[in-house]
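Below is one structure; the comments refer to it alone.
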Amino acid sequence: MLYPDGITCIVCGGELDRDTKYGVCERCALPYNTSFCPVCGRHSKLGGYCDRCKGKRDFSFDIARAPFVFGDGIEGVVHALKYGNARWLPKYLAQFMADSYFECGQNADILTFVPLHRKREKKRGYNQAALLSAQLAPLIEKEPLPILTRIKDTKNLARMKRDARLKEIEGAFELLPEADVADKNILLIDDVLTAGATAGECARVLKGGGAKSVFVLTLATSVIRPVLQ
Ligand SMILES: [Zn+2]
Ligand SMILES: [Zn+2]
């Protein structure tokens, strides 16, 4: 996945044609998230509310959106971003996220990101959500502002069931002492939204600090089954 910057496709590494969108070649059909739950943004074939958003507010965030569905084509990109030291990827990926931000019509006061625990960040050398925010910032004309800190070094949530994820992530975040989120609309960046446990917990803390709304924007989101009408 570690191809040189600006020469080859960010997905397959193939040569780029001249009129290429955001560093992706024409042969790579990325899984765009075109139908999704109007609240949490998770993908389903028919769109419509998911079982966690239909008739109730299960998430602490107000809405979530992602340009891609997690799966073939984007899985490798996310893996390179998280574990492959591919620090050049956010420059391209942020452009897709900016499109989703504008499509959504939200206007954020503060752009921030899901923090890593300092131990994890030290080991990895960077926080991929912070890199995405830094590249998104000029595209949407905001300054990224760290306002959360991760006080708990949580286990990898990827293989856990939803209840276990929620339990593991509970109490993992705190507002930084200098953060002032009162009455602010927050745009929260992360790489992937799956069960929404991480974004939901961040949003709960932000709302606890008085934030007016929390809009979650990730690169990719998971597939859900829609609720039968
Ligand atoms: Zn390609
Ligand atoms: Zn939903």
Side-chain angles (χ1 to χ4, degrees), residues 1-81 84 86 88-96 99-101 103-106 157 161-163 165-166 169 187-188 190 192-204 207 213-229:
M1 281 310 299
L2 292 169
Y3 302 108
D5 189 358
I7 301 167
T8 55
C9 169
I10 64 166
V11 182
C12 70
E15 261 182 55
L16 283 180
D17 306 319
R18 238 177 310 157
D19 52 351
T20 286
K21 195 185 179 190
Y22 310 162
V24 178
C25 78
E26 284 174 354
R27 297 171 298 278
C28 280
L30 286 178
Y32 287 100
N33 186 20
T34 48
S35 70
F36 44 80
C37 169
V39 180
C40 68
R42 292 182 299 164
H43 178 83
S44 67
K45 243 187 196 143
L46 300 172
Y49 290 94
C50 74
D51 61 346
R52 293 186 62 190
C53 298
K54 193 175 168 64
K56 57 185 169 186
R57 289 188 64 115
D58 210 355
F59 292 108
S60 298
F61 54 76
D62 294 79
I63 61 164
R65 291 291 183 271
F68 298 115
V69 183
F70 193 67
D72 289 349
I74 212 71
E75 205 169 339
V77 173
V78 170
H79 197 269
L81 176 67
W88 50 272
L89 275 173
K91 183 175 146 192
Y92 300 98
L93 302 176
Q95 299 182 68
F96 294 101
D99 286 352
S100 294
Y101 174 77
E103 271 163 30
C104 204
Q106 300 284 312
L157 303 182
K161 292 234 159 64
R162 191 187 148 223
D163 286 352
R165 284 176 190 234
L166 290 173
I169 204 79
L187 173 60
L188 177 71
D190 203 2
V192 179
L193 186 138
T194 310
T198 303
E201 181 63 10
C202 287
R204 193 184 65 78
K207 291 268 174 93
S213 71
V214 178
F215 169 30
V216 179
L217 181 59
T218 60
L219 177 66
T221 193
S222 57
V223 181
I224 43 139
R225 285 170 196 273
V227 180
L228 294 173
Q229 303 298 318

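Positions are given from 1 along the sequence. Whatever order the structure lists ligands and atoms in, that order sets their numbers, starting from 1. Reckoned from all heavy atoms, side chains included, excluding hydrogens, waters and symmetry mates.
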C53 SG to C50 SG via the Zn ion (ligand 2), rounded to 10°, gives 100°
Side chain to side chain donor-acceptor pair (under 3.5 Å) filter on Y32, not counting sequence neighbours, yields none
| message | Check the orientation of Y92 and W88. Use parallel for under 30°, tilted for 30 to 60°, and perpendicular for over 60°. | response | perpendicular
- Task: Go through the steps for D51 and R162 under the test salt bridge (Lys or Arg N to Asp or Glu O under 4.0 Å), then give the verdict.
- Result: CA-CA 14 Å; D51 61 346; R162 191 187 148 223; over 6 Å; no
In this structure, the Zn ion (ligand 1) sits at the vertex of an angle between SG of C12 and SG of C9 that rounds to 10° as 110°
Angle subtended at the Zn ion (ligand 2) by C40 SG and C37 SG, to the nearest 10 degrees, is 110°
Check: Side chain of H43, backbone of S35: donor and acceptor closer than 3.5 Å?
Finding: yes
